[in-house]
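Please read these numbers as outputs of a predicted model, since none were measured by experiment.
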Amino acid sequence: MSYLVSRPALPVVAQWAVAFAVLITKWTLRRRTRKHLRHMTQEQLDDIGRNRAEAHHQATLPFWRP
């Protein structure tokens with residue numbers, strides 16, 4: 001961690017690029033997990049503590065909504 005702290009700050013454009021990459025990664029993960037949630041069995045939903053209505057609600061949210 002001290003290595004990262006001692007490094008000079010990234011140029012602004014590089015900071016934007018990293019922030020954009022992080023955002024795209026979050027969106028991709030949300031889309032993928034919501035897709036999987038849509039296809040889970042009732043036993044799998046029970047294992048994660050969700051019911052079918054909660055799973056349906058989460059699965060229908062757009063990827064940009066947390």
Side-chain angles (χ1 to χ4, degrees):
M1 189 72 186
S2 62
Y3 171 76
L4 295 174
V5 173
S6 66
R7 302 276 303 162
L10 290 174
V12 173
V13 174
Q15 290 176 11
W16 290 346
V18 169
F20 181 72
V22 168
L23 180 65
I24 296 300
T25 302
K26 284 181 182 180
W27 284 354
T28 302
L29 181 60
R30 282 185 198 151
R31 186 185 62 79
R32 187 179 333 132
T33 55
R34 288 176 179 168
K35 180 181 176 184
H36 289 297
L37 187 62
R38 193 175 318 135
H39 299 290
M40 287 182 142
T41 65
Q42 187 59 49
E43 292 80 22
Q44 292 170 323
L45 291 172
D46 291 341
D47 284 346
I48 64 171
R50 299 287 177 208
N51 62 39
R52 181 63 58 193
E54 293 170 335
H56 176 72
H57 172 72
Q58 283 297 318
T60 57
L61 289 175
F63 65 88
W64 63 85
R65 299 233 2 239

Q. If every non-hydrogen atom of H39 is compared with every non-hydrogen atom of Q44, which pair is closest and at what distance?
A. O-OE1, 4.5 Å

Q | Distance, nearest 0.5 Å, that separates CD of Q42 from CG of D47 | A | 10.0 Å

Q: Answer yes or no: does atom CZ of R30 have more than 12 heavy-atom neighbours from other residues, nucleotides or ligands under 6.0 Å?
A: yes

Could you list the donor-acceptor pairs under 3.5 angstrom formed by side chains in residues 52-66, with sequence neighbours left out?
unit_1, atom_1, unit_2, atom_2, d
R52, NH1, M40, O, 3.2
R52, NH2, M40, O, 3.0
E54, OE1, N51, N, 3.1
T60, OG1, H56, O, 3.1
T60, OG1, H57, O, 3.0

Distance-only donor-acceptor hits, side chain of residues 11-29, under 3.5 Å, sequence neighbours excluded:
unit_1, atom_1, unit_2, atom_2, d
Q15, NE2, L10, O, 2.9
T25, OG1, A21, O, 2.8
T28, OG1, I24, O, 2.8

Q. Hey, what do you get for NE2 (H36) to CZ (R31), rounding to the nearest 0.5 Å?
A. 9.0 Å

Q) Got a second to check how far D46's CG is from T41's OG1, nearest 0.5 Å? A) 8.0 Å

